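Down below is the structure, laid out as structure tokens.
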Amino acid sequence: MNGDFRQQLRAWLADNLCGEFAKLRGVGGPGREHEQYELRREWDRKLAKAGWSCLGWPVEHGGRGVSTQEQVIFYEEYAAANAPARVNHIGEELLGPTLIAFGTPEQQSRFLPKILAVEELWCQGYSEPGAGSDLASVSTTATVDGDDWVITGQKVWTSLAHEADWCFVLARTEPGSRRRDGLSYLLVPMRQPGVQVRPIRQLTGTSEFNEVFFDNARTAKDMVVGEVGDGWRVAMATLAFERGVATLGQQVGFRRELDALIDLAKRNGAIDDPVIKERLTRSWIGLEVMRAHALRTLSRKDPGYEASVSKLVWARWHRELGELAMQVRGPESMVAVDGDLDEWQRLYLFSRADTIYGGSDEIQRTIIAERVLGLPKEPRA
Ligand SMILES: Cc1cc2nc3c(=O)[nH]c(=O)nc-3n(C[C@H](O)[C@H](O)[C@H](O)COP(=O)(O)OP(=O)(O)OC[C@H]3O[C@@H](n4cnc5c(N)ncnc54)[C@H](O)[C@@H]3O)c2cc1C
């Protein structure tokens with residue numbers, strides 16, 4: 001079965017990542033989301049039509065219900081083919097599984113087919129100027145007005161909001177509630193007068209995340225996932241999906257970058273420098289260790305603190321890869337030709353964000369210190 005799965009996928013990728021799609025090889029990903037965006041969207045649709053997306057979703061929801069092992073094979077072959085970064089991952093890997101676990105049948109039939117068909121793209125509206133690491137400080141509010149929720153507040157760092165049709169928003173629906181209580185998980189259409197998206201220009205010169213302003217934005221009353229007031233639990237489940245099988249997709253990108261860097265070092269002679277050779281070797285070993293750790297963690301029902309260990313390890317690893325890329329490129333890495341950055345300069349600059357998003361290093365260390373090692377708790381405000 002697995003052998004067939006691998007062979008079929010390999011053959012499909014070889015037959016389809018060609019023609020106009022050939023130029024998508026190695027394209028996209030963090031810091032490079034602007035690359036060939038429309039064509040990558042077409043590619044995602046092509047994958048979906050052929051049944052190569054939403055593999056882990058149950059069959060009754062339009063997925064293929066394949067095992068974790070087969071999903072691993074998918075990511076391995078996808079990387080080996082140097083296929084492009086996906087544009088639909090927030091819907092496919094974060095919201096889809098959340099709706100399957102917590103959504104009503106109506107929400108499932110309204111949204112899942114559109115995610116499957118890559119007809120509607122999603123973004124994640126959690127962080128706010130006053131609620132990042134301390135997410136329970138969310139202050140965006142939603143109140144009922146007739147048949148609608150009316151949403152007011154500001155989100156920030158919302159990745160790909162400028163491309164998204166919908167946003168899953170964590171908002172305070174019980175006035176006067178505090179911390180994790182009284183929050184709800186709302187599905188909000190992005191293309192309406194009450195929603196304003198302002199791109200944030202990053203170090204890389206590109207804008208992948210945004211400020212999102214909700215000014216009396218509306219969504220229907222039945223657009224709450226889970227119970228009203230129970231949004232914290234749903235939001236945490238989404239984060240657990242983000243840290244689950246989806247991390248294998250992330251490692252696909254890492255593998256692609258490392259392979260390309262080794263190739264560059266061979267071509268430009270940097271490989272002859274013993275220090276660079278050793279760092280590349282260490283980087284390769286680091287990636288193997290992360291892969292083994294991810295596979296071990298996935299086989300557990302509740303990864304718990306291991307997700308924090310993974311986050312710390314991959315964030316450091318990837319930042320170091322960015323630094324190593326500059327070393328391999330040599331003095332040329334200091335110059336932007338015509339003000340434009342190349343893929344290595346983008347990698348270096350964007351990877352500075354790795355130790356912040358998805359839970360910063362400091363937060364992960366606190367989780368490990370307090371929950372695993374049982375060290376005294378930090379003072380809380
Ligand atoms: C590239 C990128 C993409 C993102 N995409 C999204 C998205 O799509 N949707 C979304 O909702 N959010 C997104 N985020 C936001 C991300 O989740 C937050 O940046 C992150 O949670 C940290 O919050 P903050 O930026 O407010 O920093 P803060 O929480 O203000 O932290 C600032 C610094 O203080 C440290 N710190 C904070 N609290 C403590 C503590 N208790 N103990 C010790 N140190 C502490 C932190 O580690 C950090 O170094 C994205 C961020 C980035 C960088």
Side-chain angles (χ1 to χ4, degrees), residues 28-34 85 87-95 98 121-140 151 153-171 179 183 185-188 190 195 197-214 231-232 234-236 238-239 241-243 246 250 253 307-308 311-312 314-316 318-319 322 346-371 375-381:
R32 300 171 57 195
E33 290 292 358
H34 60 291
V87 302
N88 195 26
H89 58 281
I90 299 178
E92 176 172 341
E93 292 165 356
L94 304 191
L95 184 72
T98 307
L121 299 178
W122 285 83
C123 61
Q124 179 177 28
Y126 284 13
S127 306
E128 299 182 358
S133 303
D134 185 20
L135 187 59
S137 291
V138 158
S139 65
T140 293
I151 302 120
Q154 185 197 341
K155 297 291 174 181
V156 72
W157 318 124
T158 320
S159 300
L160 299 173
H162 54 294
E163 301 286 357
D165 304 289
W166 286 80
C167 182
F168 45 98
V169 174
L170 192 60
R179 311 295 300 161
L183 296 169
Y185 190 105
L186 299 175
L187 309 177
V188 182
M190 291 292 282
V195 176
V197 176
R198 286 193 206 151
I200 299 172
R201 197 175 142 92
Q202 302 157 192
L203 264 181
T204 47
T206 55
S207 296
E208 286 164 18
F209 50 36
N210 306 269
E211 292 178 297
V212 179
F213 296 87
F214 296 99
W232 183 262
V234 183
M236 291 305 109
T238 303
L239 291 183
F241 291 125
E242 186 173 6
R243 291 165 189 163
Q250 183 192 46
S308 293
K311 174 71 223 296
L312 274 173
W314 77 247
R316 290 273 143 194
H318 199 229
R319 261 176 55 160
R346 279 186 207 290
L347 167 66
Y348 170 66
L349 292 173
F350 197 90
S351 62
R352 312 312 291 174
D354 289 338
T355 49
I356 302 171
Y357 72 88
S360 70
D361 275 16
E362 289 79 6
I363 297 301
Q364 305 307 332
R365 287 199 201 97
T366 300
I367 292 173
I368 294 169
E370 294 182 0
R371 299 193 203 157
L375 299 182
K377 285 196 187 304
E378 295 224 336
R380 300 284 196 272

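Counting convention: from 1, in listed order, for ligands and their atoms alike. Small disclaimer: the values here were computed from a predicted structure and weren't measured.
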Judged by modelled atom types alone, do Glu128 and Ser139 share a side-chain donor-acceptor pair under 3.5 Å? yes
Could you verify whether a donor N or O on one side chain and an acceptor N or O on the other, from Gln124 and Thr238, lie under 3.5 Å apart? no
Starting at CG of Leu94, measure out to CH2 of Trp122 and round the result to the nearest 0.5 Å. 11.5 Å
d(Arg179 CZ, Asp134 CG) to nearest 0.5 Å is 4.0 Å
Can the positive tip of Lys311 be found less than 6.0 Å from the middle of the six-membered ring of Trp314, inside 45° of the ring normal? yes
Amino acids in close contact with ligand 1, where any non-hydrogen atom sits under 4.0 angstrom away: Gln124, Tyr126, Ser127, Gly132, Ser133, Trp157, Thr158, Ser159, Phe209, Phe350, Ala353, Ile356, Tyr357, Ser360, Glu362, Ile363, Glu378
Take atom CZ of Arg371 as the centre, draw a 6.0 Å sphere, and report whether it contains more than 12 heavy atoms from other residues, nucleotides or ligands. no
